[in-house]
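Every chain is numbered from 1 and lettered A, B, ... according to where its sequence line falls, protein lines coming before strand lines.
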Amino acid sequence: MTPKDITAFQTTFLTWYDANKRDLPWRRNHDPYLVWLSEVMLQQTQVQTVLPYFQRFTQALPNLTALAAVDDAQLLKLWEGLGYYSRARNLKKAAQQLLADYDGHFPQTASELENIIGIGPYTAGAIASIAFEEVVPAVDGNAYRVFSRLLADDFDISQSKARAHFAQEIQPLLPKKRPGDFNQAVMDLGSSICTTKDPACLLCPIQAYCTSYQTGSQLDFPVKTKKIRQKKVQLIALVIQNDQGAYLLQQRPEQGLLGGLTTLPLVALDDLDLAEQTKPQAIQAYFAANYDLALTQVQDLKLKPVVHVFTHLHWTIHLFAAKLGDPQADVAYFPGYFVPKAQLGNQAQATLQKKLLKRANLSKK
DNA sequence: CATACGTGGAC
DNA sequence: TGTCCAAGTAT
């Protein structure tokens, strides 16, 4: 495109945005705190899913000071069900970091924003352009789709170099004024018109500039070679009641899958030594060896297994029940605690845990 | 550079 | 049922 074409392209695109932009709660002002929070919530997550979480979160924690001081239990409760829980933990760390090292003010350039935990190249570009009008691209999945098609650019977006590559391609197309609106226009176009399957090219405001449209090759872009495989894992979830009728929950480590959340005690079948037909004995031995905890009456509840799929894992979970060998036994070596049935919902629950409780008929109502 | 990290929805 | 996708980042 010539400089003149680029100017016309920008004007056309921004005019379309002005007329068609979505009314989203984080677009009502350019408060960097709200822009930041929305961008983190939106990482790998759709707008419709984020909306109620954003509402609750901002109501409970309206600014950096509140977020920095929130206790972890409340933080996770606000995030429960949204997934990628390290995002929540990193938000709090970042708030503390901003208060301690930045006087409570966000740095105003993408380059500096990337030094904040949880802010990568995309989010840095989004905050810098939207909240501070820095002329930088925000290269996310929408940008890959829109610009790979616009430019018929076959760079493989599976490669880690892709982000830098497309940033370089996009930079000359960015308007000096309203770079944030331009980036948000890309997102709205990508979610409504320039969609993965069946893009609505006839409604596209920048169709005239789109190289792939001219050759009918829209669906060949973006090029993506990598495929994700889900590892299949069989597990057992245990319903263990003490003599007060409370249920044992397992506290997961801060780092890793479902970090910091509680679930029914889980054992991967890989971790059991004995053969399939002796599962109860194997579970008993496992708890004795790993947690110094004696279980009795371990039995298969023979319920339909709970299936839960993560990005990279496919879990099939069989529900078992058990009793404590000694009702007075302390569970000091077990990473968890007993919770009365009525209070099971008080802790932050991953969707997985909600499924387990429902299958075991332990949910409220 | 590859892998870990959630969930819900579309087809 | 299986597969892929959706405003990515940390390690």
Side-chain angles (χ1 to χ4, degrees), chain A residues 21-22 24-27 34-54 76 79-91 93-94 113-127 129-130 137-146 156-164 166-167 180 182-192 194-199 219 222 224-233 252-261 263 307-316 348-355:
Chain A
K21 65 183 173 188
R22 290 171 289 181
L24 300 170
W26 47 87
R27 285 181 174 175
L34 299 181
V35 173
W36 169 55
L37 179 61
S38 67
E39 290 301 339
V40 171
M41 285 187 165
L42 287 161
Q43 288 166 8
Q44 300 290 281
T45 311
Q46 299 189 340
V47 167
Q48 189 178 342
T49 305
V50 166
L51 286 171
Y53 285 91
F54 184 83
L76 284 176
W79 205 268
E80 72 172 5
L82 195 53
Y84 288 139
Y85 297 93
S86 66
R87 289 185 294 176
R89 227 182 295 283
N90 285 339
L91 278 176
K93 285 182 198 160
L113 283 162
E114 278 199 61
N115 294 324
I116 308 296
I117 182 77
I119 298 182
Y122 162 72
T123 305
I127 298 172
S129 63
I130 296 169
V139 188
D140 68 334
N142 287 305
Y144 283 148
R145 204 160 53 250
V146 169
D156 179 6
I157 65 167
S158 302
Q159 298 185 37
S160 17
K161 292 177 183 172
R163 196 176 304 276
F166 278 96
F182 182 91
N183 286 333
Q184 292 184 92
V186 173
M187 303 184 201
D188 280 14
L189 188 77
S191 69
S192 63
C194 197
T195 53
T196 305
K197 301 166 186 173
D198 197 26
L219 295 181
K224 183 178 181 180
T225 58
K226 193 171 59 182
K227 290 168 188 169
I228 302 168
R229 285 183 194 168
Q230 288 162 345
K231 184 184 174 189
K232 292 195 173 184
V233 183
R252 300 183 64 86
E254 296 282 300
Q255 296 197 338
L257 191 67
L258 307 178
L261 296 168
T263 65
V307 173
H308 192 74
V309 178
F310 299 100
T311 304
H312 60 301
L313 295 170
H314 186 290
W315 279 8
T316 304
Q349 295 178 325
T351 298
L352 164 66
Q353 168 71 349
K354 291 190 176 181
K355 283 189 194 173

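- Among the atoms of the strands shown, none is found under 4.0 Å from any heavy atom of Val186(A).
- For the pair Arg89(A) CZ and dT9(C) C1', the computed distance is 15 Å after rounding to whole Å.
- Nearest nucleotide to the side chain of Tyr122(A), out of dG8(B), dT7(B), dG8(C): dG8(C).
- Here, dT9(C) and dG8(B) have their P atoms 22 Å apart, quoted to the whole Å.
- Within the 4.0 Å cut-off from OP1 or OP2 of dG6(B), not a single side-chain nitrogen or oxygen of Thr351(A) is found.
- Evaluation of atom-type donor-acceptor distances gives a pair under 3.5 Å for the side chain of Thr45(A) against the base of dG6(B).
- When the side-chain nitrogen and oxygen atoms of Thr123(A) are compared with OP1 and OP2 of dT9(C), one or more of them lie within a distance under 4.0 Å.
- Phosphate contact (OP1/OP2 of dG6(B), side-chain N/O of His308(A), threshold under 4.0 Å): absent.
- Taking only side-chain nitrogens and oxygens, Lys224(A) never comes nearer than 4.0 Å to OP1 or OP2 of dC4(C).
- In this structure, Ile119(A) and Trp26(A) both approach DNA chain C, and ranking their closest nucleotides by distance from the 5' end singles out Trp26(A).
- One can place CE of Met187(A) at 9 Å from P of dG8(C), the figure rounded to the nearest angstrom.
- At whole-Å resolution of the value, CZ in Arg87(A) and C1' in dT9(C) are 10 Å apart.
- Side chain of Thr311(A), nearest nucleotide from dC5(B), dG8(C), dG6(B): dG6(B).
- Proximity of Leu113(A) to Thr123(A): side-chain heavy atoms (C-beta onward) are nowhere separated by under 4.5 Å.
- One can place CD1 of Ile228(A) at 8 Å from P of dC5(C), the figure rounded to the nearest angstrom.
- Looking only at atom types and distance, the side chain of Arg27(A) has a donor-acceptor partner in the side chain of Gln184(A) under 3.5 Å away.
- Nucleic acid contact for Ile130(A): none, since no nucleic acid atom lies under 4.0 Å from a heavy atom of the residue.
- As rounded to whole Å, 16 Å separates atom C1' of dG8(C) from atom CZ of Phe166(A).
- Annotation: the span from Leu34(A) atom CG to Phe54(A) atom CZ amounts to 4.5 Å, rounded to 0.5 Å.
- We find that CD of Glu39(A) is positioned 9 Å from P of dG8(C), with the value rounded to whole Å.
- Along DNA chain B, the nucleotide closest to Gly259(A) and the one closest to Lys226(A) are compared, and the more 5′ of them pairs with Lys226(A).
- Aromatic ring pairs are classed by plane angle as parallel below 30°, tilted from 30° to 60° and perpendicular above 60°; the pair Phe310(A) and His308(A) is perpendicular.
- A salt bridge links Asp188(A) to Arg22(A): at least one charged side-chain nitrogen sits closer than 4.0 Å to a carboxylate oxygen.
- When heavy atoms are screened at a 4.0 angstrom cut-off, Arg229(A) is found touching no nucleic acid atom at all.
- Nearest-nucleotide positions on DNA chain C for Lys232(A) and Ser38(A) put Lys232(A) closer to the 5' end.
- No engagement by Ala138(A) is indicated, since no non-hydrogen atom pair under 4.0 Å with the nucleic acid exists.
- Gln255(A) places its CD atom 14 Å from the C1' atom of dT9(C), with the value rounded to the nearest Å.
- Residue contacts for Leu82(A): at a heavy-atom cut-off of 4.0 Å it reaches a base atom on one of the strands shown.
- The pair Arg145(A)-Asp140(A) does not meet the salt-bridge criterion, since no charged nitrogen lies less than 4.0 angstrom from a carboxylate oxygen.
- Contact between the side-chain N/O atoms of Tyr85(A) and the OP1/OP2 oxygens of dT7(B) is found at a separation under 4.0 Å.
- Tyr122(A) and Glu39(A) share a side-chain donor-acceptor pair at under 3.5 Å.
- When each of dA4(B), dC11(B), dC1(B) is scored by its nearest atom to the side-chain atoms of His312(A), the top-ranked nucleotide is dA4(B).
- Looking at heavy-atom distances under 4.0 Å, Trp79(A) makes no contact with the nucleic acid at all.
- One atom, OH of Tyr84(A), and another, C1' of dT9(C), lie 10 Å apart when rounded to the nearest Å.
- dG2(C) and dC5(B) are spaced 22 Å apart, taking the P atom of each and rounding to whole Å.
- Note on Val40(A): nothing from the nucleic acid sits closer than 4.0 angstrom, heavy atoms only.
- With the nearest nucleotide of DNA chain B identified for both Gln43(A) and Lys197(A), Gln43(A) has the one nearer the 5' end.
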